[in-house]
2 protein chains.
Amino acid sequence: MSTTKKILIADDEPDILEILEFNLTAEGYEVTTAKNGDEAIEKAKKTSPDLIILDIMMPGKTGIEVCNLLRMMPAFKETLIVFLTAMSDEGTEIKGLETGADDYLTKPTSPKVLLSKVNSLFRRLNKEESTVIKVGDIEIDREKYIVTHKGTDIILARKEFELLALLASKPGKVFLRNEILNQIWGTEVIVGDRTIDVHIRKIRQKLEMDCITTVKGVGYKFE
Amino acid sequence: MSTTKKILIADDEPDILEILEFNLTAEGYEVTTAKNGDEAIEKAKKTSPDLIILDIMMPGKTGIEVCNLLRMMPAFKETLIVFLTAMSDEGTEIKGLETGADDYLTKPTSPKVLLSKVNSLFRRLNKEESTVIKVGDIEIDREKYIVTHKGTDIILARKEFELLALLASKPGKVFLRNEILNQIWGTEVIVGDRTIDVHIRKIRQKLEMDCITTVKGVGYKFE
DNA sequence: ATATGGGTTAACAATTTCATAATACTATAA
DNA sequence: TTATAGTATTATGAAATTGTTAACCCATAT
């Protein structure tokens, strides 16, 4: 989880492609698109995406075939692969999962649903990190929900804690505002624009230190 | 069910209007169109549609205003009303705007997506009479007062049950706090401000899942 | 009578919004 | 280049709203 997540989407409907690309890009993902199975494989090799979203019904190679081919290559053994299927055909769904996909989504689905699925996939992948983060004088224990600065405990409210933990999980990385909203609030909940700022302010206040830097027009980072 | 369903669409973009009309007509619906809010109201009165699709951004009256006006008339108390919103405002300004509406759709969206949404809306309407509500993993039996989540029964107190059943009866719809009070407590009974919150909290706790979303300053919704 | 559980309330904490100020960014003019 | 006005973004303090916990009342069962 060091850099921006890359997603490859393959679908033969330009509309779908465009909507998904727009939404995922807005969340801070780096999106590549492909119009068919062959293009998908080619672009997968070229960009090494973290997640591949495959439509099942595509001219030429179907998503299932693409998935099979990718899984044969060592480079894509661990890559997240998700199927998009228009059919409510259960046989197909099962077949897809057996093939080595990590999840499947039924189409048509709203951008919101898709986003939250995608986010939760990555979140699941993320969980394997250590529970204690140490940066400079600060120690963050994700399990005990405790922050310590130079030995003294600092009490943070839940949201404040989560926000700090997120930023501190990758010191130096700039988190886009959208990225933060997705990670902490999820895609269901919608909050106003100033909410993040206020929490940031409280963290700065309580830590008595400016370890959070504002990157205007982009987001925040921890250092 | 056998009679043709009538749909009224209001949007100021002729292109959109035409595309939607074409597709919905092809699906067997009887479609009327309106180019602005006033025309929408006028045609709604004339044709008594089963479903009204309103663009939010329209010259003259906005879709929201139209919705409010229609909802004041007894004839349209039960009519399905759906908002069309531009994708770019999703997440920021929408929020509680869906208050009087039964659902909202993001634009631009492929005709396919729209069609399936419309179809499922009508399907939902038919099911509303039934005593058993099914949403995702949750099953609510209004008659037996039993809630089941992934096979295991969950015991809810009466008020908790009624509240959940109400919210789940229209997934996605935002229920105003007042609306909830009227539906569950009636107009006679007056209870404190925190009562709803406490019940919501207990439901969330027992369901072990966050399917109830808070819409600050407005109410709650189930998804 | 005593215990139990639902429903309500009250007090306080956490979260979010709102209005306004401060700041950085951009394009244009001098 | 430098200055400047206008725009966009973030910071801040206060207010509004919601979340949480514990306590209380009341009806019913033991």
Side-chain angles (χ1 to χ4, degrees), chain A residues 26 145-147 154-167 174-222, chain B residues 88 91-97 99 145-147 154-167 174-181 183-186 188-222:
Chain A
Y145 264 64
I146 288 175
V147 176
I154 294 167
I155 298 165
L156 294 184
R158 183 161 55 239
K159 283 278 195 289
E160 291 161 21
F161 182 89
E162 285 171 4
L163 182 47
L164 177 61
L166 175 65
L167 294 179
V174 179
F175 286 83
L176 307 182
R177 293 176 92 92
N178 265 328
E179 229 172 323
I180 295 173
L181 287 175
N182 282 321
Q183 292 290 321
I184 295 188
W185 278 268
T187 42
E188 310 292 314
V189 184
I190 294 164
V191 293
D193 261 356
R194 300 282 116 258
T195 305
I196 294 179
D197 308 30
V198 174
H199 282 101
I200 291 283
R201 174 168 64 107
K202 290 205 166 173
I203 295 172
R204 282 172 173 160
Q205 232 168 34
K206 290 187 180 175
L207 287 191
E208 292 173 333
M209 194 179 32
D210 226 16
C211 45
I212 297 176
T213 312
T214 305
V215 182
K216 195 144 183 155
V218 186
Y220 296 91
K221 68 178 171 179
F222 180 94
Chain B
S88 50
T92 48
E93 299 161 46
I94 305 300
K95 299 212 296 185
L97 303 186
T99 299
Y145 263 66
I146 288 175
V147 176
I154 293 168
I155 298 164
L156 293 184
R158 185 172 357 271
K159 283 276 195 281
E160 291 160 20
F161 184 90
E162 284 172 5
L163 183 47
L164 177 61
L166 175 64
L167 294 179
V174 179
F175 287 82
L176 307 182
R177 291 177 93 92
N178 269 330
E179 226 171 327
I180 294 173
L181 286 175
Q183 293 287 324
I184 295 187
W185 279 267
E188 312 291 313
V189 186
I190 293 169
V191 292
D193 258 356
R194 305 268 62 72
T195 304
I196 294 180
D197 307 30
V198 174
H199 286 299
I200 291 281
R201 176 179 144 59
K202 290 197 170 172
I203 295 172
R204 283 173 173 161
Q205 228 167 35
K206 290 186 180 175
L207 287 191
E208 292 174 332
M209 199 179 27
D210 229 16
C211 44
I212 297 176
T213 311
T214 305
V215 182
K216 190 139 184 159
V218 186
Y220 296 91
K221 70 177 168 179
F222 179 94

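Relative to the side chain of Asp197(B), the nucleotides dT20(D), dG13(D), dT10(D) differ in distance, and dT20(D) lies closest. Each of dT17(C), dG7(C), dT18(D) was ranked by its minimum atom distance to the side chain of Thr195(A); first place goes to dT17(C). Listed candidates were dG7(C), dA14(D), dT8(C). Nearest to the side chain of Trp185(B) is dT8(C). Of the candidates dT18(D), dA11(D), dG13(D), the closest approach to any side-chain atom of Arg204(A) belongs to dA11(D). Out of dT12(D), dG19(D), dT10(D), the shortest distance to the side chain of Tyr220(A) is found at dT10(D).
We find that NZ of Lys216(B) is positioned 4 Å from C1' of dT17(D), with the value rounded to whole Å. Summarising the geometry, the separation between CG on Leu181(B) and P on dT8(C) is reported as 10 Å, rounded to the nearest angstrom. Rounded to whole Å, the distance from CD1 on Ile200(A) to P on dA11(D) is 8 Å. One atom, CZ of Arg194(B), and another, P of dA14(C), lie 16 Å apart when rounded to the nearest Å. Between the P atom of dG6(C) and the CG atom of Leu156(B) lies a distance of 10 Å, rounded to the nearest Å. At whole-Å resolution of the value, CD1 in Ile155(A) and C1' in dA14(C) are 14 Å apart. Straight-line distance from the CD1 atom of Ile196(B) to the C1' atom of dT18(D): 11 Å, rounded to whole Å. In this entry the distance linking CD of Glu162(B) with P of dT8(C) reads 10 Å, nearest Å.
With a 4.5 Å cut-off on side-chain heavy atoms, Trp185(B) and Thr195(B) count as touching.
Note on Arg158(A): a side-chain N or O is less than 4.0 Å away from OP1 or OP2 of dT20(D). Between Arg177(B) and dT18(D) there is a side-chain polar atom (N or O) within less than 4.0 angstrom of OP1 or OP2. For the OP1/OP2 pair of dA14(C) and a distance below 4.0 Å, the side-chain nitrogens and oxygens of His199(A) include no atom meeting the criterion.
Using a 4.0 Å cut-off between a side-chain N of Lys or Arg and a carboxylate O of Asp or Glu, Lys202(B) and Asp197(B) do not qualify as a salt bridge.
The aromatic rings of Phe161(A) and Tyr145(A) sit parallel, their planes meeting at an angle under 30°, below the 60° perpendicular limit.
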